[in-house]
2 protein chains.
Amino acid sequence: MSRWEPDARGRLLQAAVELFAERGYDATTAAQIAERAGLTKTTLFRHFADKREILFQGQEELVTRVVDAVNEAPTEDAPFDILRRAVIALCDVHVEERRDIRKELVTILPSSAELQERAVFKRFAVTNSLHGALAVRLGDARQAGVFADVGMRAYYDGYAAWVESNENGSLAKIVDAELDAFESALSGAGSILSST
Amino acid sequence: MSRWEPDARGRLLQAAVELFAERGYDATTAAQIAERAGLTKTTLFRHFADKREILFQGQEELVTRVVDAVNEAPTEDAPFDILRRAVIALCDVHVEERRDIRKELVTILPSSAELQERAVFKRFAVTNSLHGALAVRLGDARQAGVFADVGMRAYYDGYAAWVESNENGSLAKIVDAELDAFESALSGAGSILSST
DNA sequence: GTCTATACAATGATAGAC
DNA sequence: GTCTATCATTGTATAGAC
């Protein structure tokens, strides 16, 4: 019952995705996004720290998910099983996500260096959180580092395959298979190290 | 000879590092940097694509170095030995680098989100190039991915330790030891995977 | 508590003169 | 190569409207 239309953030996101798809990220100004959402530039920046953040909203949840999953993993879990839980926990986020926007994102992202930088930085943040949690749990920072990298690689590779495959089937299944493949690669790694 | 003082880029870098150290990255404007270097803002942006790039100039060299090292590795090299060559090849870049600037960089970087994003993006670019070259050489994209991540982790961890240790000894030595540690972690990885 | 109006500082692009 | 000048855009700050 307020005087304002509700869901300002949602409207801004919708407007942004539309305009980015129409004329590209760089060619779209913050003012144009706000206008299409029936708001002003000032209000846009009250909701989002910057223009990039419109598309990466809610990534902080990935950090808490991955850390919680590691911390709550059963004591009897083997290291790679802990990693598996953590990475699979990330997949659930995308269930609620709007499919149309996800589809657009994949085409918008490569068009702007600014956006790619932000995307990479978010990935880095999640990787670091996973690394930290695993280091505590496993007691070995280097092993935790390798596992964190492998897990995130499985996640992002799986995500890319999922989006490209027209989204039949669940993301979690694809990522799980990806983890299997990396697990074999790791277990075979001992035999392909230095000859010395 | 010309009317202008030579080495505009060097003077701009010098001025930028000084000012960033004095008053922080965000509080320093492009105009101030240019002024201290005896130039104008326009000229600054003719030499550097943006303000961040002043500090990350020459990182493209890392990409060519790492790729060349992989491609030129002897046929008889084991996979991890190829990786070792590639990562060690990165270390030589920092020999020529000016020590005072390197020292300052470590304090400036954490003070600005903008700078960290760029730094992470550069690391990502090098990692991807290494990944690509290793994938071709090893014929297994996933194995190459794990190796690329491990190698870059060894490099950046080693670099951090090197800078912190007041720079006695060579970077290559520290990174090499780091690689040894990761190699053991990898060779032991087979035994710590899923219990299933 | 959310939105608007206005003014402002800084980045980065562009065009033309030396 | 550099300079002056001008410009659009991002993002902030302030003060006020509903």
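Just so you know, these numbers come straight off a predicted model, no measurement behind them. Reminder, nothing fancy here: chain letters follow the sequence lines and each chain counts from 1. Computation of the quantities below employed the complete heavy-atom set of this structure, encompassing side-chain atoms and omitting hydrogens, waters and symmetry-equivalent molecules.
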Distance, rounded to the nearest Å, where Glu35(A) contributes CD and dT10(D) contributes P | 13 Å

Measure from NZ or CZ of Arg123(B) to the centre of the six-membered ring of Tyr156(B), then state whether that distance is under 6.0 Å and the direction lies within 45° of the axis.
-> yes

Can you name the residues that form a salt bridge (Lys or Arg N to Asp or Glu O under 4.0 Å) with Arg137(B), not counting sequence neighbours?
-> none

Considering just the side-chain nitrogens and oxygens of His47(B), establish if one lies under 4.0 Å of OP1 or OP2 belonging to dG1(D).
-> no

Compare all side-chain heavy atoms of Leu130(A) with those of Val70(A) and state whether any distance is below 4.5 angstrom.
-> yes

Over how many whole Å does the gap from Lys51(B) atom NZ to dA10(C) atom C1' extend?
-> 8 Å

To the nearest angstrom, the CG-P distance between Asp50(B) and dT9(D) comes to 19 Å

On a heavy-atom basis, the closest approach of Tyr25(B) and Phe20(B) is CD1-CZ, 3.5 Å

Give one of base, sugar-phosphate or nothing for Thr43(A), where a contact means two heavy atoms less than 4.0 Å apart.
-> base

Can you tell me the distance, in whole Å, between the CG atom of Leu12(B) and the C1' atom of dC3(D)?
-> 14 Å

For Glu114(A) and dT9(D), give me the distance from atom CD to atom P, rounded to whole Å.
-> 14 Å

Quick check: are there more than 12 heavy atoms from other residues, nucleotides or ligands sitting under 6.0 Å from CD of Glu164(A)?
-> no

Using a cut-off of strictly less than 4.0 Å, decide whether Thr40(B) has a side-chain nitrogen or oxygen near OP1 or OP2 of dC3(D).
-> yes

Take the protein atom CG of Leu44(A) and the nucleotide atom P of dT2(C), then report the distance between them rounded to whole Å.
-> 16 Å

Within a reach of under 6.0 Å around CD of Gln59(B), are more than 12 heavy atoms found that belong to other residues, nucleotides or ligands?
-> yes

Heavy-atom closest pair, residues Arg52(B) and Leu115(B) = CG-CD2, 3.9 Å

Expressed in angstrom and rounded to an integer, what is the separation of Ile54(B) atom CD1 from dA10(C) atom C1'?
-> 14 Å

Select base, sugar-phosphate, or nothing to describe what Arg52(B) touches, counting heavy atoms under 4.0 Å on all strands.
-> sugar-phosphate

Please write out each protein N/O paired with an N/O of nucleotides 13-16 of chain C under 3.5 Å, distance rounded to 0.1 Å.
none

Could you tell me the separation between the CG atom of Leu19(B) and the C1' atom of dA10(C), rounded to a whole number of Å?
-> 15 Å

